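Before any comments, here is the structure.
Here is the naming used below: chain letters follow the sequence lines, and residue numbers restart at 1 for every chain. On a predicted model such as this, the values are computed, not experimentally measured, just so you know.
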Protein chains: 2
Amino acid sequence: MSRTTVSNAYNRPDQLSPQLRNRVMEAARTLGYPGPDPVARSLRTRRAGAVGLLLTDQLSYAFRDPAALAFLEGLTLECDIAKTGLLLVPAKPESEDILAVSSASVDGFVAYAMPDDDPHLMAALARPVPAVVCDQPDVEGVDSVGIDDHAAMRQIGEHLLDLGHRRIGVVCMRLGRAVMDGPVDITRQEGARYHVQRNRLAGLREAFTRAGVAWDRIPVVERFDNSVAAGASGAAEVLSLDPGITALVATSDVLAFGAMQELERRLQRVPQDVSVTGFDGVAEARNRELTTVVQPFLEKGHQAGKLLLDPARRPQARKVILDTEFLPGRTTAAPPV
Amino acid sequence: MSRTTVSNAYNRPDQLSPQLRNRVMEAARTLGYPGPDPVARSLRTRRAGAVGLLLTDQLSYAFRDPAALAFLEGLTLECDIAKTGLLLVPAKPESEDILAVSSASVDGFVAYAMPDDDPHLMAALARPVPAVVCDQPDVEGVDSVGIDDHAAMRQIGEHLLDLGHRRIGVVCMRLGRAVMDGPVDITRQEGARYHVQRNRLAGLREAFTRAGVAWDRIPVVERFDNSVAAGASGAAEVLSLDPGITALVATSDVLAFGAMQELERRLQRVPQDVSVTGFDGVAEARNRELTTVVQPFLEKGHQAGKLLLDPARRPQARKVILDTEFLPGRTTAAPPV
DNA sequence: TTGTAAGCGTTATCAT
DNA sequence: ATGATAACGCTTACAA
């Protein structure tokens, strides 16, 4: 029996007589042939049947961050439709080991919120497969999905300014690949390796600078982790830098929850004593009526998947900017008199 | 320049002179050679560098279930260590299409809480790669990880019996691959395709039967989704079948939250009017002090990963049964007099 | 240190 | 309807 016939028996049952097909399958059982080898098939067909996903952090991190989860959910829905697997590629930011990226058998990559200079990102973009970046700076020839972080954060700044706040503090997420928890000077703010954080800080800065508030007086504190605990300790540090602030701006909802926890511990009322804002619009933020910006994470994942899996790929890179919505909540009010 | 030299330049930089290596890399750049093809490499080395994961539901479901998430987190931690990617394989229960399973380029499979007769599971086990099943019945020659669902649920039953409950109702998760929301007779309970649900119901039944309570009088209601909404509607249905129950047993914490929501809507107090129990011990259950059984999801994922990735594989299948802890909370009390 | 040659297991093309 | 042949791109003994 020839190879071709066996291949057809598995892949094109209609191309050969049912009895021959049965004979093939029976022989396979007898001989212990487990069916076509996926890797060899991929080599021949030039299709891996999987999409690679690069995340900011080690794999397990993604399962703790509600925002990353929603993105993943949107992306997997597209993968389901395209009958494509999703390969979570280990890409710890502190590791320089890009072997996992360069040897991942995938038909394309999605990079989500990676730092601009991450070697894993570089390695993925260097691969001769399509890629989509999400929440990252545009790269020549690479499709991208994102929001206008700058404008969204400026809205939050303007909201606080309208309420009358002038002395504020900021807790932001990591700005580089190394742990650098502490106060952030303007140089580091501008040179942040994370597109999203850089733009949010810049947007806030623009709002305050326009209103005539000196930005270099505003304490900005960095935390590596996006966790409630990090938000709490970040808020504590901001308050130690300027105990007189009337509002705390966090660059994520999760950090804002931590800030609120710390304020509560200090018996400071929100918003009567200190206003707090977040960013993202995760479920808990809506429940607790945090003043925040809602961004469509699920839709981001959808769009990223669609761009990557769209068979009719355009000759030039496409760029999707999704809408955000400023959502005033009960955690902001006029500063105390 | 020979193929070998190029291969060595990429894979064994120490095996050739630095200047030659540089010459190779430069030539690669000039010629636009993107580096070794991962698929061809996998074919040759017989290593895919990825582990396949089969989940009960479509991929996106996993990102909604806190239990599945914790399992994933534990598993990915092991994958990180082994520098192996994790391939989420689309395996919708209602689909018979196993192509994604049989053509996934993986070095092994982890199957998590799949129904016993799922064709995707069969296809994965038929592949000539190692596999680990989790929360599933033992399969000849396949490593397994799980808990003693039967004993754990019996504990819950005994707890309720000790408090004096005799008329109870049950809300369980799906027992088969098709949506069959509604009351469940004993035949369907015993024939449930989901190992976990089957054993939990059997454990509860044993406790009540031993105490002399006729099990066939106890309303058991099935819901396909493991969601708060499903728990609420399931509880409502149980209450319509027997308005006189003094306790509601849910086979998951999430369903229990739904049951509590429905009881609150009916102005029934928990636990004064009706007791409620869950299963899993997710974070929210601990916060709300739900009476439940805590099971180590993270550890389950760890163990599954370890078994699969352990290079020193035993000749015979290994079986890991993890401990659970009965956690009495504030949602159970003696029935009203 | 570098090169030669033999597969890895498929599927596409073409011929019968 | 079925079969022969030629890649797919790589790694790895082994030889030079």
Touch class at under 4.0 angstrom, heavy-atom based, for A:Arg12 against every strand present: sugar-phosphate

How long is the line joining [atom1] of [X] and [atom2] of [N], in whole Å?
| X | N | atom1 | atom2 | result |
| --- | --- | --- | --- | --- |
| B:Asn8 | C:dT4 | CG | P | 14 Å |
| A:Arg3 | D:dA4 | CZ | P | 10 Å |
| A:Asp37 | D:dC10 | CG | P | 17 Å |
| B:Tyr10 | D:dG9 | OH | C1' | 13 Å |
| A:Leu31 | C:dG9 | CG | P | 15 Å |
| B:Arg23 | C:dT2 | CZ | C1' | 11 Å |

Measure from the side-chain heavy atoms of [X] and tell me the nearest of [options].
| X | options | result |
| --- | --- | --- |
| A:Thr5 | D:dG3, D:dT12, D:dT5 | D:dG3 |
| B:Arg44 | D:dC8, C:dT11, C:dG7 | C:dG7 |
| B:Thr4 | C:dA5, C:dT2, D:dT2 | C:dA5 |
| B:Tyr33 | C:dT2, D:dC10, D:dT5 | D:dC10 |
| B:Leu43 | D:dT2, C:dG9, D:dT11 | C:dG9 |

Hey, is [X] close enough to [Y] for a salt bridge, meaning N to O under 4.0 Å?
| X | Y | answer |
| --- | --- | --- |
| A:Arg318 | A:Asp310 | yes |
| B:Arg44 | B:Asp37 | no |
| A:Arg177 | A:Glu96 | yes |
| A:Lys83 | B:Asp97 | yes |

Phosphate contact (C:dT11 OP1 or OP2) by A:Ser7 side-chain N/O below 4.0 Å: yes

Which atom of B:Ala192 lies closest to which atom of B:Asp116, heavy atoms considered: O-OD2, 4.1 Å

First of B:Leu16 and B:Arg46 reached from the 5' end of DNA chain C, by closest nucleotide: B:Leu16

Position toward the 5' end of DNA chain C (nearest nucleotide), A:Asn11 or B:Asp14: B:Asp14

